[in-house]
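Comments concern the structure below.
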Amino acid sequence: GPLDADLTLVASDGRATSDTAVVRVVDRPFLGDIAVRAVYPSYLHKPTETLPGDAGLRVPRGTELRIDGHASEPLASVTLAQGRDSVRLAPADRRFNGRMTPRESGSWAWSARGRTTAIADVPPPLVVEVVPDSAPSAEILAPASDSLVQATDKVELQLLASDDHALQSVTLKLWKVMRDGRSELPVMEKLAAGVPEFATAVMLNLGTFALQAGDAVHVQLLARDETQSSCFETFENDAH
């Protein structure tokens with residue numbers, strides 16, 4: 001039956017004894033104790049984190065995974081593979097380590113070989129979900145469309161911006177377009193930075209633009225994170 005310790009066998013007929021036979025029990029070669037550390041993209045300003053190697057990993061795109069573990073016997077090679085992509089980890093006697101930056105979600109299967117034979121007892125595949133960075137959103141809630149106003153009116157702007165991580169900047173851009181199509185240089189007003197969501201009301205004084213009949217003031221809200229930007233634009237037109 002199954003053995004859990006070394007077994008010594010001796011045969012005797014009462015007059016003589018055979019040579020001793022010893023059956024030694026050894027562990028089945030295995031790969032285990034997987035540890036994964038996530039090094040997040042610098043723009044997230046998030047410290048390195050240890051993740052469970054035996055559970056699904058959900059990481060932002062651009063995250064570097066640093067992987068290490070050990071085997072029951074000296075290693076010749078350790079590999080993670082997904083389809084045609086593969087990552088070779090560096091063996092050092094019974095330990096191994098390496099790093100990978102997955103570009104897309106997938107399941108990475110383990111394969112390993114000791115110095116004498118392949119190791120069949122390996123961990124379950126490393127399942128990685130790569131979450132792309134969403135573009136920030138920017139919206140001028142009010143006024144909701146182009147508006148006809150007096151040249152000296154004050155218009156309240158309701159502004160909203162958000163991002164799934166953090167907004168690098170939220171900026172209000174204003175410029176005047178004359179009735180002949182010529183544009184003045186825009187005025188940029190930075191409203192916020194380093195927050196995941198921003199909401200405010202801004203009073204726009206059209207009197208500062210010295211509007212004439214047919215002129216227009218363009219108002220644009222710009223939201224940017226570390227990788228992408230979004231904008232929302234509305235128009236305030238002189239009614240005279």
Margin query: For the backbone of V39 and the side chain of T63, can you confirm whether one donor and one acceptor N or O come within less than 3.5 Å of each other?
Written below: no
Checklist line | Smallest separation among heavy atoms of D215 and A210, with atom names | finding: OD2-O, 4.3 Å
Check: Any sub-3.5 Å donor-acceptor pair from S72's side-chain atoms to F30's backbone N or O?
Finding: yes
Notebook entry, point to check: Quick one: CG on D163 to CG on D225, what's the gap to the nearest 0.5 Å?
Noted result: 4.5 Å
Note to self: What's the separation between atom CZ in R66 and atom OG1 in T50, rounded to the nearest 0.5 Å?
What the structure shows: 11.0 Å
Next item on the list: Check step by step if side chain to side chain contact (heavy atoms under 4.5 Å, CB included) holds for L204 and L174.
Entry: CA-CA 10 Å; L204 178 64; L174 307 165; 4.1 Å; yes
With a 3.5 Å cut-off and sequence neighbours excluded, list the donor-acceptor pairs that the side chains of residues 15-23 form with protein atoms.
{"unit_1": "S18", "atom_1": "OG", "unit_2": "A11", "atom_2": "N", "d": "2.9"}
{"unit_1": "S18", "atom_1": "OG", "unit_2": "A11", "atom_2": "O", "d": "3.3"}

Checklist line | Carboxylate-amine/guanidinium proximity below 4.0 Å for K154 and E156 | finding: no
Next item on the list: Mind listing the closest non-hydrogen atom pair of I119 and P29 along with its distance?
Entry: CG2-O, 3.6 Å
Next item on the list: With rounding to the nearest 0.5 Å, note down the distance linking CG in L157 to CG in L221.
Entry: 9.0 Å
Next item on the list: Please determine which of R99, R103, R37 meets the salt bridge (Lys or Arg N to Asp or Glu O under 4.0 Å) test together with E64.
Entry: R99
Next item on the list: Would you name the heavy atoms of L167 and P136 that are closest together and state the gap between them?
Entry: CD2-CB, 3.9 Å
Check: Which atom pair, heavy atoms only, marks the closest approach of A223 to A138?
Finding: CB-CB, 3.8 Å
Next item on the list: Output the distance between atom CG (L126) and atom CG (L57), rounded to the nearest 0.5 Å.
Entry: 5.0 Å
Next item on the list: Measure across D33 and H70 and return the closest heavy-atom pair with its distance rounded to 0.1 Å.
Entry: OD2-CE1, 2.7 Å
Margin query: Show the nearest heavy-atom pair for residues N205 and T152, with the distance to one decimal.
Written below: OD1-O, 4.2 Å
Check: Which of parallel (below 30°), tilted (30 to 60°) and perpendicular (above 60°) describes H218 and W175?
Finding: tilted
Next item on the list: Rounded to the nearest 0.5 Å, what's the gap from CZ on R224 to CD on Q168? Could you check?
Entry: 6.5 Å
Side-chain atoms of residues 73-91: list all donor-acceptor pairs with protein atoms under 3.5 Å, sequence neighbours left out, distances to 0.1 Å.
{"unit_1": "Q82", "atom_1": "OE1", "unit_2": "S107", "atom_2": "N", "d": "3.1"}

Notebook entry, point to check: About how many Å separate OG1 of T208 and CG of L206, when rounded to the nearest 0.5 Å?
Noted result: 7.0 Å
Check: Given side chains that start at C-beta, do those of P123 and L31 come closer than 4.5 Å, heavy atoms only?
Finding: yes
Please output the side-chain donor-acceptor pairs of residues 178-200 that fall under 3.5 Å, not counting sequence neighbours, one pair per line with the distance.
{"unit_1": "D180", "atom_1": "OD1", "unit_2": "R182", "atom_2": "N", "d": "3.1"}
{"unit_1": "D180", "atom_1": "OD1", "unit_2": "R182", "atom_2": "NE", "d": "3.4"}
{"unit_1": "D180", "atom_1": "OD2", "unit_2": "R182", "atom_2": "NE", "d": "2.7"}
{"unit_1": "D180", "atom_1": "OD2", "unit_2": "R182", "atom_2": "NH2", "d": "3.1"}

Notebook entry, point to check: Regarding K46 and the six-membered ring of Y40, is the cationic atom NZ or CZ under 6.0 Å from the ring centre and inside 45° of its axis?
Noted result: yes
